[in-house]
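Presented below is the structure to which this report refers.
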Amino acid sequence: MNNYEHSVYLDVQKCIGCTTCLRHCPTQAIRIKDGHAVINERRCIDCGECIKICPKKAKKAVCNKLQDMDGFKWKIALPAPTLYGQFENMDDVDYILDGLLKIGFDDVFEVSTAAELVSAYTRIYLKRKDIKKPVISSACPVVLRLICLRFPSLTDNIIPMLPPMEIAAMMARDKAKAEHPELSDEDIGVCFISPCPAKASYVKNGFGSYKSRVDKVISISDIYFQLINAMEHTDNIKSLSKSGMIGIGWASSGGEATALFNDAYLAADGIDNVNRVLDQIENDNIPPLEYIELNACTGGCVGGVLTMQNPFIAKAKLQTLRRYLPVSQNFIPKEQEGEVPADYFFSEMPTYYPISRLSASMSESMRMMSEIQTLRKELPGIDCGACGAPTCQAFAEDVVKGNANLSDCTIMYRSQLLEYLSSKDDTSDGK
Ligand code: SF4
Ligand code: SF4
C-alpha cells in the first residue's frame, strides 16, 4: 500500500493555503506547508471531500480521457447506474446507452446488470454459517480503504465478493470474446464511466492481490456534454438496457441493502457517518445486524464528486426511471442457486495497513505517545489550523515524529518570544 497510486491531486498554483480542506479531510491526510496544502499519500483514501470543499478548485481528480480508449480494437463502456440520474426528462435508459455507442464505444454493458447478480449472490452468501456478521459491503472503495487503514478488526467483516463494476467487466469481456472470437484479450478495452475518483484509484491499484479487469476510468462529468449532444440524435435507438429496479437502485444509498430482502440491515452515507458506524461496529455498539451498506458520498454514488447533478435530484430522477421497470432483469442460473461462483470472490483480502502507528517498535511507540500527550497539554487546544495541522493533537504528533517544529504554532511561538524578551529585560535590569 506504500506505492498506492492516487486519483486526487493538488494544483499547487491554485492553492492559497486557506486550510478549508485541512479541516474536512476525514483521515487528517492534509497539512499546510510553505503556504499550500500537501496530501499525505499514506493517509489519503481518495474520498474527494477536499475536491468538493476547496473554494479555489485546487484539488482535482485524475481520470482517463475518452481518447485513452483509442488503442483498443473493441471498446466497451461500463456505465455506473448513477449516470442514468444525470439527465433531464429521461424516461428510457436506452437513450443514454445508445449515446455511449454514438460517442465511440463498440458495446455497452450496464454495471446495474451485474449489480442485480451481486445482490442475488449476496442473498445466498448471507445464509452461510461460517461468516462474520455484520457483513460489510465491498462496493465503495473509499470504505474499503478506510477499513484497511483505521479499522483492523473489521477487515474480516467485508464481504469478499467483487463489486458490480468488476463483475460487469468480467461479463462484458466474456460477451465480447463469445461474439467476436477474432478479438484477443489485448484488443478489448473496458472503460468504467465513474461518479468518483476512488473507483479510478481502485482500478489502478486493485484490491489486495486482485487486479482490476477494468482498463480505463472516465468521469461522468468528462463525457457529460459529449453524451448529451449524441443523445439528441434519437434515430435508430437500439433496445440495450437489461436492468431492473434493483440494479439501478444501487446508485443511491440503501439501494444495495434493500435488494437483499432482509430487514436486518443498516445503510449509512457520508464519510462522517461511515466513520461513526465503523467505530460503533468496532466497539460492538450496534444492534444485531446481517448487513451494513456504507457509501462515503452523501446519498450514495449519486453524491460522487465527478457527477453533474445534485445528488438528491439525481436520486429523484432515478426513482422516476425505476418506477417503470421490473424488479430485476437478471437471475442466477438454476444450477447455481445454492452457491456463489468462485470467480465472484476476491482471491485475497487486503491486510491492515495502520496509519496511526508511531513506530515499528512498541517501546518507542509508547515513548512517543507519552511525549505527544505532554506536548498536547502545553498547546492552546483551540485547533486553529494556523500551524498547518488540522488539530493541536495532530500537530503534537507531527512535532514528535519530526515532521513539524514547535515554532510553527504561532501562539507557542509568541509566548516563547515574550518569555525570551522578558528574560532579556530582566538581565538588562540587573546590570
Ligand atoms: S481548500 Fe485546501 S487546496 Fe483549496 S485553496 Fe484551501 S488549502 Fe488550498
Ligand atoms: S481525497 Fe479525502 S482523504 Fe484524500 S486528502 Fe482529500 S479529503 Fe483527505
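Every number for a ligand or one of its atoms is a count from 1 in the order of the listing.
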Can you tell which part of Thr27 has a heavy atom less than 4.0 Å from ligand 2: side chain, backbone, both or neither?
side chain
How about Glu293 and Ser137: does a side-chain donor come under 3.5 Å of a side-chain acceptor?
no
Is it the case that the side chains of Glu116 and Tyr121 hold a donor-acceptor pair, with the cut-off being a distance below 3.5 Å and no angle test?
no
Numbered atoms and elements of ligand 2 in range of Ile39, under 4.0 angstrom, heavy atoms
5 (S)
For Pro26, atoms of ligand 2 separated by under 4.0 Å from a heavy atom:
7 (S)
Would you check if there is a donor-acceptor pair between the side chains of Trp250 and Thr82 at a distance under 3.5 Å?
no
Scanning both residues in full, the closest heavy-atom pair of Cys140 with Ala296 reads SG-N, 3.6 Å
Would Phe87 and Tyr95 count as a close aromatic pair, with their ring centres under 6.0 Å?
no
Numbering as shown, the atoms of ligand 1 that approach Pro55 to under 4.0 Å (heavy-atom distance):
1 (S)
Can you check whether Pro134 reaches Ile292 side chain to side chain, under 4.5 Å on heavy atoms?
yes
What protein N/O/S atoms lie closer than 2.8 Å to atom 2 (Fe) of ligand 1?
Cys21 SG
Asp215/Arg173 ion pair, N-O < 4.0 Å
yes
Closer than 4.0 Å to some heavy atom of Ile45 - which atoms of ligand 2 meet that?
3 (S), 4 (Fe)
I need the nearest protein heavy-atom contact for atom 8 (Fe) of ligand 2: residue, atom name and distance, please.
Cys25 SG, 2.3 Å
Where Ser119 and Ala259 come nearest, the two heavy atoms and their spacing
OG-CB, 3.5 Å
Is atom 8 (Fe) of ligand 2 less than 2.8 Å from an N/O/S atom of Cys47, whether that atom is in the backbone or a side chain?
no
Ranked by distance from atom 4 (Fe) of ligand 2, the top protein heavy atom is Cys44 SG, 2.3 Å
Are there more than 12 heavy atoms of other residues, nucleotides or ligands under 6.0 Å from atom NZ of Lys401?
yes
Which ligand 2 atoms are under 4.0 Å away from a heavy-atom of Gly48?
1 (S), 2 (Fe)
Where do Asn205 and Tyr210 land on the side chain to side chain contact (heavy atoms under 4.5 Å, CB included) test, with the steps shown first?
CA-CA 9 Å; Asn205 297 285; Tyr210 176 81; over 6 Å; no
